[in-house]
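What you see is a predicted model; the values in this text were computed from it and never measured. Values below: all heavy atoms of this structure, side chains included; hydrogens, waters and symmetry mates excluded.
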Amino acid sequence: QVQLVESGGGLVQAGGSLRLSCAASGRIGRINTMGWYRQAPGKQRALVAIITSGGSTNYADSVKGRFTISRDNAKNTVFLQMNSLKPEDTAVYYCNADLRLAGTVRWSDYWGQGTQVTVSS
């Protein structure tokens, strides 16, 4: 019953910015790590950025210095601020959450439906 809903994707010109949001809802106990992944046509899904419940972050080398991941723990929401976008950033971006359902100790990965980001040349 957990749902992750992404928003904020779209079409931008190279050098532009987008801010993605992902809100998790349901009977959630603890969310450990949240992150963003992306998949371009013909490519494997790859990590973009992750953030722990305590705020520690890690980024793919290709986006380091351009993207910023953040979260609002009270709202179970993770954000991805994308600046200086390049055509190579074009992909479907997926939200991920490593969480435990309320009243349980079993952790599971949940995924959003994805949001398209297209960066024109």
Side-chain angles (χ1 to χ4, degrees):
Q1 289 88 351
V2 173
Q3 290 186 326
L4 274 62
V5 180
E6 299 123 324
S7 62
L11 173 64
V12 297
Q13 294 181 342
S17 297
L18 285 174
R19 189 184 191 227
L20 306 183
S21 300
C22 172
S25 62
R27 298 186 65 83
I28 297 170
R30 181 175 67 178
I31 302 179
N32 293 315
T33 300
M34 302 186 79
W36 291 93
Y37 296 71
R38 66 187 182 186
Q39 186 168 22
K43 303 289 186 179
Q44 295 181 344
R45 188 174 299 186
L47 174 71
V48 177
I50 55 173
I51 183 168
T52 70
S53 60
S56 297
T57 60
N58 196 18
Y59 298 89
D61 288 341
S62 59
V63 307
K64 196 172 299 181
R66 299 187 297 120
F67 291 9
T68 302
I69 189 170
S70 60
R71 65 192 287 170
D72 184 337
N73 290 332
K75 297 180 178 179
N76 291 334
T77 300
V78 64
F79 307 93
L80 185 68
Q81 179 66 46
M82 304 185 294
N83 298 327
S84 302
L85 283 162
K86 304 174 181 179
E88 303 93 286
D89 297 318
T90 296
V92 177
Y93 284 69
Y94 296 91
C95 176
N96 171 266
D98 175 23
L99 60 84
R100 290 165 171 79
L101 299 177
T104 74
V105 297
R106 179 178 180 269
W107 65 267
S108 297
D109 280 327
Y110 289 83
W111 294 89
Q113 78 286 349
T115 184
Q116 178 70 48
V117 171
T118 303
V119 184
S120 61
S121 304

Please report the closest heavy-atom contact between [X] and [Y], naming both atoms and the distance.
X: Leu80; Y: Ala49; answer: CD1-CB, 4.3 Å
X: Ser70; Y: Val78; answer: O-CG2, 3.2 Å
X: Ile31; Y: Ala24; answer: CD1-CB, 4.2 Å

**Message:** Strictly by ring-ring contact (aromatic ring centres under 6.0 Å, His included), give each pair with a member in residues 43-80 just once, sequence neighbours left out.
**Reply:**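 Applying ring-ring contact (aromatic ring centres under 6.0 Å, His included) to every pair that reaches into residues 43-80, excluding sequence neighbours, yields nothing.
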
**Prompt:** Quick check: does any side chain N or O of Arg71 sit under 3.5 Å from a backbone N or O of Thr52, one acting as donor and the other as acceptor?
**Reply:**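 Yes, because the side chain of Arg71 sits within donor-acceptor range (under 3.5 Å) of the backbone of Thr52.
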
**Asked** Side chain of Arg66, backbone of Ser84: donor and acceptor closer than 3.5 Å?
**Response**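 Flag set: sc Arg66 to bb Ser84 pair under 3.5 Å.
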
How far does [atom1] of [X] sit from [atom2] of [Y], to the nearest 0.5 angstrom?
X: Gln3; Y: Asn76; atom1: CD; atom2: CG; result: 13.5 Å
X: Asn58; Y: Ile51; atom1: CG; atom2: CD1; result: 11.0 Å
X: Leu18; Y: Gln81; atom1: CG; atom2: CD; result: 8.5 Å
X: Arg19; Y: Met82; atom1: CZ; atom2: CE; result: 11.5 Å
X: Ser108; Y: Leu99; atom1: OG; atom2: CG; result: 7.0 Å
X: Asn96; Y: Leu47; atom1: CG; atom2: CG; result: 9.0 Å

All N/O donor-acceptor pairs, side-chain side in residues 110-121, below 3.5 Å, sequence neighbours left out:
unit_1: Gln113; atom_1: NE2; unit_2: Glu6; atom_2: OE1; d: 3.3
unit_1: Thr115; atom_1: OG1; unit_2: Gly9; atom_2: N; d: 3.3
unit_1: Gln116; atom_1: NE2; unit_2: Ala91; atom_2: O; d: 3.4
unit_1: Gln116; atom_1: NE2; unit_2: Thr118; atom_2: OG1; d: 3.3
unit_1: Ser120; atom_1: OG; unit_2: Val12; atom_2: O; d: 3.4

**Request:** Kindly state each residue pair satisfying salt bridge (Lys or Arg N to Asp or Glu O under 4.0 Å) with at least one member in residues 30-50, sequence neighbours excluded.
**Result:**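 For residues 30-50, and leaving out neighbouring residues, the salt bridge (Lys or Arg N to Asp or Glu O under 4.0 Å) pairs sorted by first residue read Arg38-Asp89.
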
**Prompt:** Who else is in Val105's hydrophobic cluster (ILVMFWY, side-chain heavy atoms under 4.5 Å, direct or via others)?
**Reply:**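 Once heavy-atom contacts under 4.5 Å are chained together, Val105 still belongs with nothing else.
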
**Prompt:** Would a hydrophobic clustering, with Ile, Leu, Val, Met, Phe, Trp and Tyr connected at side-chain separations under 4.5 Å, put Leu4 with Trp36?
**Reply:**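 Linked within one cluster.
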
**Any side-chain donor near an acceptor of the partner, Ser53 and Asn32, under 3.5 Å** =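 No - no donor-acceptor pair under 3.5 Å links their side chains.
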
**Message:** With disulfide bond (SG atoms under 2.5 Å apart) as the rule and sequence neighbours excluded, what pairs involving residues 24-118 come up?
**Reply:**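 Counting only pairs at least two positions apart or across chains, the disulfide bond (SG atoms under 2.5 Å apart) contacts touching residues 24-118 are Cys22-Cys95.
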
**Message:** Working note: Tyr37 + Val92, criterion side chain to side chain contact (heavy atoms under 4.5 Å, CB included); need CA distance, chi angles, decisive distance, verdict.
**Reply:** CA-CA 8 Å; Tyr37 296 71; Val92 177; over 6 Å; no

**Asked** Is any side-chain heavy atom of Arg27 less than 4.5 Å from a side-chain heavy atom of Leu101?
**Response**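 Of all side-chain heavy-atom pairs linking Leu101 with Arg27, none is under 4.5 Å.
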
**Asked** Sequence neighbours excluded, which residues qualify as salt bridge (charged side-chain N to carboxylate O under 4.0 Å, His left out) partners of Asp61?
**Response**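 If we apply the salt bridge (charged side-chain N to carboxylate O under 4.0 Å, His left out) test to Asp61, skipping adjacent residues, the hits are Lys64.
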
